[in-house]
Amino acid sequence: MTGNKIPVGPFHPLLEEAEYFELKVDGETVVDIDMEIGWMHRGHEYISEQKTFTQSIYLVERICGICSTSHPLACVHAIEDIDNIEIPLRARYIRTLVGELERVHSHLLWLGLAGHFIGYDTLWMWAWKYREPTLQMFEAISGNRNHYGMMRVGGVAKDVDPAIIPDLLKILDEIDRKMEMIAKAAKDDPVLKSRLVGVGVLKKEDAIAHCVVGPTARASGVAIDVRKDEPTDAYDLVNFNEIVLKNGDVYDKLVVRVLETIESNKIIRQCLEKLKTVGGPILNNVKEITPGEGIGRYEAPRGEVFHYIRSDGTNRPVRHKVRAPSYVNIPSFVASCKGIPVADVLITLAAVDPCYCCTERALRVVDAHDRPFELDLQRLSRTKTEQIRREIYGK
Amino acid sequence: MGWYQRRLAKSLWVFHVSGSPCNNCDIEILDLLTPRYDVERFGIKLVGSVRHADVLLVTGVFNKKVAPRIRRIYEQAPKPIFVVAVGTCVSGGCCFKESYNTVPVREEVIPIDMYIPGCPPKPEAMIEAVAKLIGVLNG
Amino acid sequence: MNGWTFFYLLVFPGLLFTAVLGLLVGWIDRKVSARVQYRVGPPLLQNFNDFFKLLGKETLIVKEGVRSMFVLAPLVAFGTTVLIATLIGMPLFEKWLSGFNLPIASGFDGDLIVIMYLLMIFSVMLILGGSATGNVYSSLGAGREIKLLIADELAFILVCLVPIIKSGYTLRLSAIVTAQASAGAFIGSVSGVIAFIIGILCLQAKMALPPFHIAEAETEIVEGPLMEYSGPLLGFWKLNQLMMYVFFPLLLIVLFCGGFNLQGWGILWAVLKYVGIVVVLVLIKNTNPRVRIDTALNFFWKYLTPLGLIAMILAVLGV
Amino acid sequence: MDEFKQFRELFGTKIGQVIQKPRRLFFVVKEEHLLEIVKYLFDGIGCRLSTATAQETYHGLEILYHFSLDKAGIYFCPRIVISDKQNPKVLSITALVPGAVWIEREMFDLWGIEFVGHPRMEQLLTLNSPENPNQPLRFGRQA
């Protein structure tokens, strides 16, 4: 089916972000993929150089809405790395608590959207319905649903009031129960399994070549996790296991995220228990930062967030480099999207859970002899699910 | 207050325009559709095409690449149309004012009728804004 | 054409009655779907508000589109909908109206065939409206609408043939109703039940309800043919779709369930029949996701049409 | 930190000024040794290129590559100083590290550093944006 040239603008009704993909298609399989980004570019590094260290922590929080405590954590680690600043024990637990809670709410958000793309709106409604208690916990701890403003150089800004810990634990039990149900629904559903197994495989060598991070890498067998490799905050004081699977298809990426959410719940429980007993200050205020360079890393829900800060003794960073995990995960589409049917492209793009949600639903597809035609990924993706359901249930 | 305004107030069809946001306000807008804050009670529906829209929910501080397209989206919408700015980014430029790549004044790109400050504005705040919009319509 | 025909056309079984009932029944559909997703769902008069709001909006007509067809399509479709509603409504409410000794225009020979053609015209108008805008998404949606039309038209004709055969080869709706009054509702017989089930699925496709709402898939190709419509024209399209909620179940009732006898308990039985069919449609709507166009095509041709033929043969044998 | 010691014995002569911290190693590299060191880091001990930072200092444009050895949780950071500020040119490492395509394109976009041998040398973030802010992060930038 070839159509005339279609100005597929980056705006699509249900799309959160503006993204623009271009696939070269030969019949049904994808031959080449090209991406044009830049709709989101707000020039963080430029602004950050005009702000003081504390101000740039607030700025850095607004890079990505759904992993909004990963960037401040990495930024604070970078500043502390310049002078090897130590932070009090209670602050370490609070930092880990907020970081893991955000991993739960980010993974549930992704699970809902993944269900939405392959035509399972009930999974979307469920996942987002059971994500609300997590946001309730955030409001109890930091007063805001997403941008928490918890991090400071040398500690944490707000303390977790021990009085509210019992009902935080109650909410956590409720989330655990629901998480088991969602995990069962997502993992053992035959249609979902046959729909996602073997789709958009990212082989281990490709993952290493493209320097991919986070669940995308762990699903392909590359065992990198900043929480285990360079345990800062309280990650060396809590015990949890790192989930690494082998065959790197979309199904494994889903299972990695679901198991990680369960692990995160365990970490949160341990942190809350410790916060009942561990007392002490939550911030040893740092007077001034000596000239030097610092690298800060944190395991965001999508992968390793990297911050590099260079200071020259004043209270403003001279250079502040930020690298979000999706920056390296997205180019890996070239490897994982080649040779797969067009219907699977959308779920493969979404499986990386791109941080600025570039889950483009319509895109310009160019067929073998370069005639562009309009193709809607979402419809294809849903109908393929439908086709598989028909085979399985024989309806 | 005309009889027609009351009808318009009770059935606002919403179209979501994202101008380089940090996608937090977009997630909060989608939160409004999920079971906990269901806005269909007020007859608000997320529609797929600009032609059907009554309210344009604009998020994000516009960067230079996105601004002309948002202008075009506004021109395509049938009048009367309301533009509701969700989040501090659109209302006041938030922390991205000094950047080289963002449009300094957003009102030049698209005339904004209502601002919902907050980063991100709580779903309750958005519902309250909708109630005010209905109030404004009801006169 | 005495004054009463206009009354029948514009007020009772025609425009006013169908529109109001359609808007009410549309609310049931939205409310049940919302409840399935744990949501609260819209208030009762929501569809009325939507329709009147759309009437007040500005109509934007695409410059390079075919301007006249763009405007004409919804109006002609609206006209056909009103005509269909009257043609179906008359045989149903004939006895009730004769109670008030009003002159009855009770249809004519072959009005079932006219209804089938009018339904075809409705789909054609949707196709023309969609492709008149020159917008790629709309022409894509119009293309799908054609495929869908081909898919369910054949099955629908077979469904209508069964009651014709069973009521002694008459093509008159009121004759079918009277035949059923004597020989018991056609749904009782085996062929009647099969035809009724195929009829329900054809309705699902004709009314573009999920799982066959491929043409106006909201999250995919942006409302399909209706993408470029705004204001009153869009209002008429939405009203047409909601009026279908009224006259399609009524058509099935006339063909298979022996029409209404509105005396005493008859009224309750009539309402029950109507609401039953609507609930079945809504349940099918909520339980399955969207189907791809070629899956829909071979579903209709590979399964439903042979089944319709079997039902027809059984009807001929008199089962 | 035996990896650091081992690395410094191997490349002691080829690297200039070194700053060693508990888990970080910053060292200056001349351009001709860059590919050799990147090959050792990426293929040899299996580091992952996290990103590269460009910085304008008074004695020239500076590029700092960040290689992360995940097993040990440490970072190797080779640093190249390009003295010619008018049209800075550097060898591209995309041949060795496919993941560096976007990283180098961004530096070309925001800093104007030309990477010789890059498969697709064009802007990344400000591609066909209405008014081109060309190299906004350089000193002579007009805000």
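Remember, it's a predicted structure, so these values are computed and weren't measured experimentally. Proteins get letters first, then strands, A, B, ... in listed order; numbering begins at 1 in each.
The number of heavy atoms from other shown groups lying within 6.0 Å of NZ (Lys203(A)) does not exceed 12.
Between chain A and the options Ile103(D), Leu96(D), Ile19(D), Leu69(D), the largest number of non-hydrogen pairs under 4.5 Å is found for Ile103(D). By number of non-hydrogen pairs under 4.5 angstrom with chain D, the leading residue of Ile295(A), Val328(A), Val212(A) is Ile295(A).
Contact annotation: the side chain of Arg23(D) never approaches that of Asp81(A) to less than 4.5 Å [non-hydrogen atoms, C-beta and beyond].
No donor-acceptor pair closer than 3.5 Å links the side chain of Lys321(A) to the backbone N or O of Thr51(D). Proximity of a side-chain donor or acceptor of Arg48(D) to a complementary backbone N or O of Ala209(A) within less than 3.5 Å is not detected.
From Leu49(D), atom CG reaches atom NE2 of His210(A) across 12.0 Å, with rounding to the nearest 0.5 Å. Atom CD1 of Ile74(D) and atom CD of Glu230(A) lie 10.0 Å apart (nearest 0.5 Å). Of the inter-residue distances, the one linking Cys211(A) atom SG with Phe67(D) atom CZ reads 8.0 Å to the nearest 0.5 angstrom. Interatomic distance, Arg319(A) CZ to Leu64(D) CG, rounded to the nearest 0.5 Å: 10.0 Å.
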| request: Just do the side-chain hydrogen bond (donor to acceptor under 3.5 Å, both in side chains) check on Arg323(A) and Ser50(D) with the steps written out, would you? | output: CA-CA 8 Å; Arg323(A) 197 268 296 147; Ser50(D) 186; 2.8 Å; yes
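In this structure, chain D has heavy atoms under 4.5 Å from both the backbone and the side chain of Glu293(A). Using a 4.5 Å cut-off between heavy atoms, Cys77(D) touches chain A through its side chain atoms alone. Looking at Val213(A), the atoms closer than 4.5 Å to chain D (heavy atoms on both sides) all sit in the side chain, from C-beta outward.
Ring pair Tyr75(D)/Tyr308(A): centre-to-centre distance not below 6.0 Å.
Note on Arg310(A) versus Glu62(D): salt bridge recorded, some NZ/NE/NH1/NH2 to OD/OE distance being below 4.0 Å.
None of Ile224(A), Val226(A), Asp225(A), Val222(A) except one satisfies the side chain to side chain contact (heavy atoms under 4.5 Å, CB included) rule with Asp70(D); the exception is Ile224(A).
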